[in-house]
Amino acid sequence: MSKEVMNNTEIEEVAGVEAAADATATEASKEVLESESTSLNSKLPYIVELSKEYDLDGKKIKEVDLSGLEDLTTLDAEYIDRVMNKLNYHPANKYKDITYTKHIAMRVTNLPIEFFNGLKWKDMYAITARITVHFLF
């Protein structure tokens, strides 16, 4: 039907069908995205194995548990953003940036900055990669 020949009732009906189709498609897209992100995060462990054992005040650490990522809130995000502002540090991509993700890791593990600063780059990057997956996928 062309626009010129439709009356108001027909326009309302067509608009209703189109809106219902859009809502259904949007909901289906959300479900696909949610199932993909859920499945990816559920497939990858939150425990990051380190390449070597680190000593932290006599405590031997061979892995970092990032499962606390699941419990982060908006207040945690605001806190970390404020820390970045105090450092006058503004990364282009927060969730792929080592400094930003180091502070997220500190927040969820309760391990001190000195621990993360002493990690091999490879180990810190493994932690950054896991945080990136959590937030972006």
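In this structure the side chain of Leu66 never reaches within 4.5 angstrom of the side chain of His134, judged on heavy atoms. Annotation: side chain of Thr73 is not in contact with side chain of Glu78 (no heavy-atom distance under 4.5 Å). Leu119 places a side-chain heavy atom less than 4.5 Å from the side chain of Ile127. For the pair Val133/Arg130, a side-chain contact is recorded, criterion being any heavy-atom separation below 4.5 Å from C-beta on. Residues Lys60 and Tyr54 have side chains not in contact (no heavy-atom distance under 4.5 Å, counting atoms from C-beta outward). Residues Glu70 and Tyr46 form a side-chain contact, since some pair of their non-hydrogen atoms from C-beta on lies under 4.5 Å apart.
Of all the heavy atoms in Ala126 and Val48, the pair that sits closest is CB-CG1, 3.8 Å. Closest approach of Asp123 to Lys52, counting heavy atoms only: OD2-N, 4.2 Å.
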Test side-chain contact (heavy atoms from CB on, under 4.5 Å) applied to Leu50 and Val64, step by step: CA-CA 7 Å; Leu50 303 173; Val64 174; 3.9 Å; yes

Full working for side-chain contact (heavy atoms from CB on, under 4.5 Å) between Ile131 and Tyr100: CA-CA 10 Å; Ile131 291 170; Tyr100 196 86; over 6 Å; no

Thr128 and Lys102: CA distance, side-chain angles, deciding distance, side-chain contact (heavy atoms from CB on, under 4.5 Å) verdict: CA-CA 7 Å; Thr128 294; Lys102 173 176 61 174; over 6 Å; no

Pair Ile61-Glu53, side-chain contact (heavy atoms from CB on, under 4.5 Å): steps then yes or no: CA-CA 5 Å; Ile61 300 176; Glu53 188 173 76; over 6 Å; no

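In this structure, Tyr89 is a member of the same hydrophobic cluster as Phe135, with clusters built from ILVMFWY side-chain heavy atoms closer than 4.5 Å. Note: the hydrophobic cluster containing Ile47 does not contain Ile104 (ILVMFWY, side chain heavy atoms under 4.5 Å, direct or indirect links). No continuous path of ILVMFWY side-chain contacts below 4.5 Å connects Val83 to Leu75, so the two sit in separate hydrophobic clusters. Leu56 and Ile113 fall within a single hydrophobic cluster, where Ile, Leu, Val, Met, Phe, Trp and Tyr are joined by side-chain heavy atoms under 4.5 Å apart, directly or via other members.
For Asp97 (side chain) and Pro91 (main-chain N/O), no donor-acceptor pair under 3.5 Å exists by modelled atom type. Between the side chain of Lys96 and the main chain of Thr132, no donor-acceptor pair closer than 3.5 Å is present. Tyr95 places no side-chain N or O within 3.5 Å of a backbone atom of Ala129 that could act as its donor or acceptor partner.
Note: Phe115 CZ to Asp57 CG = 11.5 Å, rounded to the nearest 0.5 Å. Between Arg107 atom CZ and Ile80 atom CD1 the span is 6.0 Å, to the nearest 0.5 Å. Taking NE2 of His90 as the start and CE of Met84 as the end, the distance is 10.0 Å to the nearest 0.5 Å. One distance of note links CG of Asn88 with CG of Asn85; it measures 8.0 Å at 0.5 Å rounding.
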